[in-house]
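The next block holds one structure in the form of structure tokens; read it before the comments.
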Amino acid sequence: MGSEIEDTAGIDRTWWKEAVVYQIYPRSFKDSNGDGVGDISGIIEKVEYLDALGIDVVWLCPVYDSPNADNGYDIRDYRSIMDEMGTMADWERLLAALHDRDIRLVMDLVVNHTSDEHEWFRKSRRGEDGYEDYYHWVEGDPDQPPNNWESYFGGPAWSYDETREAWYLHLFDEKQPDLNWRNPDVRADVYEMVDWWLQNGIDGFRMDVINLLSKPEGYPDGEIEGYPTGREHFVNGPRIHEYLRELYEETYANYDVMTVGEMVDLDVETANAYLGEDGDGLDMVFHFDHTFIDFGPDGRWDIGEWSVSDFEEIFTEWQTGLDETSWDGLYWENHDQPRVVSRFGDDEQYRYESTTMLATLLFGLRGTPYVYQGQEIGMTNADFESLEAVRDVDTRRPIEIMLEEGEIDSYQQIRDVVNYRSRDHARTPMQWSDGENAGFTDGDPWIKVNDNYTEINVESARSADRSVWWYYRELIDLREDEQTLVYGEYDLLDVPDPVYAFTRTLGDDELLVVLNWSDQEQSSSLSIEDGTLLVGNYSGIETTLSETLRPYEARIYRL
């Protein structure tokens, strides 16, 4: 748990509640050596940029040694740096450069699974003494998996290993076998590794799919309909609170750090059991409710309808349903989500207005805001013309299964959904300039550069008088100045869709956030005579709030 800081308004202030976090996906951020892959030295080159943006914390996606079956989330050695990313000396230089500018560094903690090339798995598949039960092994018919559980990446969650002559569990790719947390030796090894990183001076962890650690003995079949089959057994499993509490007490309880748990199938009531004074030592959580809002009847690979009231319902439930000592991690984008302006805004006619409206909502809510690389310049989804252009295993594998099973005849049949949904949209290279390859690399980029980089890039955004970048900078400054935006209570106002309005109140201070979530002028149904305008995404806004809001207009007032 992070330490409290000086109480200046009758509240218990905590640094990680007041922070703005910037997520870096290293492969796509900045390449320093021309091999087409982003690296740690490239991040160091851009530390001044991060400082200029005003962020407080960097969340660094995995840079550990990995064969890259899942772009680093399949870890071969937790204490080494991937060759493509650089060296441990490079990592130490990055940590020092960030700390010199009072920017903290949070690492990814991936301990539900490892790579199948990890030393632990190699020993376990050979049945070496002491490692037999490091993973979930079940003997049986090579043609019949132990149960009907499915992988999040598609297909069965079990693979048969010819060396061990047994099945092993993998809730993700087959090269990502799940660790057996029932084994106390596994937990001890994980705790030692976590403490090693903390001793190296990092400032916390983002915990990957952390509520999947506990699996029941006997591995019963899944019975609840929906995807993936078996989730009622391995999501929030039988010993999950025991494991997370022990992890906390053995490691980061002894440090002034922040932790955020990525948790699948999480509702507010369950989140409260993980968080706060009586929880498991987690500071905040990432849930997925708002990211499922546009799923169609057939799930992820189907585009569904959504409304502003759907978002109001979800955000209000999380804003008001968390306990007083619980906290939320706020995000639109990350390495697993497509670009928000292409998803919930208008990336053509109103890219600036809708991007900044969505940013105003993010920063207006109670919780710690996370900004994903490129989000601050309004990067959009790309066009992946063929399956060969797709790099993401979580996109390729389901499509390959659909093709094999005859659900689709060709990639072109699902291309529109890929261009809306794929994780690769977050992984196209950061657009630094209108130069070759968007200034990301001098070589051939590992994944395609979005075609619109000549128009959307950091250089043009920072040199303009009005841009998404400058608006994000204004929001970051505003949140630093206004404790009510951090700690104030949230109250939804009753206004007709597509206007979304709420207040944030701390003591006698009251702020109003009002948003027009549409491409048409709308009546706000609100009247303010003498409010103080704190921020707005249109120029020439007066202190009074008129009935009419322009397309995707966003404002924050002090009442």
Side-chain angles (χ1 to χ4, degrees), residues 16-17 19-30 38-40 42-44 46-47 49-64 70-73 85 91 94-95 97-98 101 103-110 202-210 257-263 283-288 290-291 327-341 343 355 358-359 362-363 365 367-381 392 394 423-432 440 447 458 468-469 472-473 475-476 479:
W16 45 263
K17 291 182 178 179
V20 174
V21 183
Y22 187 91
Q23 182 189 356
I24 291 178
Y25 191 73
R27 292 183 67 82
S28 302
F29 192 65
K30 183 65 173 73
D39 47 47
I40 294 173
I43 300 172
I44 295 171
K46 297 299 182 180
V47 167
Y49 168 79
L50 300 173
D51 194 28
L53 183 60
I55 55 96
D56 305 290
V57 179
V58 164
W59 156 23
L60 186 65
C61 284
V63 292
Y64 316 102
D70 188 21
N71 285 348
Y73 282 88
M85 294 293 150
W91 180 88
L94 173 61
L95 180 68
L98 292 171
R101 293 161 180 81
I103 300 174
R104 303 179 195 243
L105 178 62
V106 166
M107 299 285 283
D108 238 304
L109 184 66
V110 187
I202 67 170
D203 302 290
F205 291 105
R206 174 265 187 185
M207 300 176 163
D208 188 65
V209 293
I210 200 66
V257 297
M258 63 169 273
T259 54
V260 52
E262 180 200 35
M263 297 191 170
D283 292 326
M284 66 189 95
V285 293
F286 290 142
H287 67 85
F288 291 85
H290 62 303
T291 69
W327 200 250
D328 200 6
L330 306 170
Y331 71 97
W332 281 123
E333 298 180 12
N334 58 37
H335 63 289
D336 287 334
Q337 303 296 332
R339 294 295 182 176
V340 67
V341 66
R343 189 177 187 183
T355 302
L358 291 163
L362 184 77
F363 277 75
L365 295 171
T368 297
Y370 288 71
V371 178
Y372 180 74
Q373 64 186 48
Q375 182 178 335
E376 77 277 17
I377 59 170
M379 282 180 62
T380 69
N381 282 358
D392 175 31
D394 191 26
R423 300 194 304 180
D424 273 347
H425 295 299
R427 302 173 184 191
T428 59
M430 181 71 175
Q431 293 163 209
W432 293 106
F440 164 69
I447 189 173
V458 170
V468 174
W469 192 90
Y472 263 94
R473 187 69 178 86
L475 287 173
I476 292 170
R479 194 173 184 277

Q. According to the interplanar angle, ranging from 0 to 90°, do the rings of Y73 and H335 count as parallel (below 30°), tilted (30 to 60°) or perpendicular (above 60°)?
A. parallel
From [atom1] ([X]) to [atom2] ([Y]), nearest 0.5 Å:
X	Y	atom1	atom2	value
H425	R423	NE2	CZ	12.5 Å
L50	L98	CG	CG	7.0 Å
L94	I24	CG	CD1	7.0 Å
Y25	Q373	OH	CD	9.0 Å
D208	D108	CG	CG	6.0 Å
H290	L330	NE2	CG	8.5 Å

Do [X] and [Y] make a side-chain contact, defined as non-hydrogen atoms from C-beta onward lying under 4.5 Å apart?
X	Y	value
I447	D392	no
Q431	M379	yes
I55	V371	no
T428	D424	no
E262	F288	yes
L475	L362	no
V257	R104	no
M258	W327	no

Does any N or O in the side chain of [X] come within less than 3.5 Å of the main-chain N or O of [Y], such that one atom is a donor and the other an acceptor?
X	Y	value
R27	M85	no
D203	L105	yes
E376	W469	no
R473	A52	yes
N334	D336	yes
T259	D283	yes

Q) For the ring pair W59 and F286, is the centre-to-centre distance below 6.0 Å? A) yes
Q) Using a distance-only test with no angle check, is there a side-chain donor-acceptor pair under 3.5 angstrom linking Q23 and Y331? A) no
Q: Assess whether side chain to side chain contact (heavy atoms under 4.5 Å, CB included) is satisfied between M430 and K30, documenting all intermediate values.
A: CA-CA 7 Å; M430 181 71 175; K30 183 65 173 73; over 6 Å; no
[X] and [Y]: which non-hydrogen atoms are nearest, and at how many Å?
X	Y	value
V468	G378	CG1-N, 3.7 Å
P26	V63	CG-CG1, 3.6 Å
G38	F440	N-CZ, 3.5 Å
G72	P62	O-CB, 3.3 Å
T355	V341	OG1-CG2, 3.1 Å

Q | Candidate pair R343 and Q337, rule side-chain hydrogen bond (donor to acceptor under 3.5 Å, both in side chains), full reasoning | A | CA-CA 10 Å; R343 189 177 187 183; Q337 303 296 332; 2.9 Å; yes
Q) Could you go step by step and tell me if Y372 and W332 meet the side chain to side chain contact (heavy atoms under 4.5 Å, CB included) rule? A) CA-CA 8 Å; Y372 180 74; W332 281 123; over 6 Å; no
Q: Take I210 and V285 through the test side chain to side chain contact (heavy atoms under 4.5 Å, CB included) and record every step on the way to the result.
A: CA-CA 10 Å; I210 200 66; V285 293; over 6 Å; no
Q | N-O pairing of D56 and R101 below 4.0 Å | A | no
Q: Decide yes or no on side-chain hydrogen bond (donor to acceptor under 3.5 Å, both in side chains) for W16 and T368, but give the supporting numbers first.
A: CA-CA 7 Å; W16 45 263; T368 297; over 6 Å; no
Q: Output, in order, the C-alpha distance, side-chain angles, deciding distance and verdict of side chain to side chain contact (heavy atoms under 4.5 Å, CB included) for Y370 and R206.
A: CA-CA 12 Å; Y370 288 71; R206 174 265 187 185; over 6 Å; no
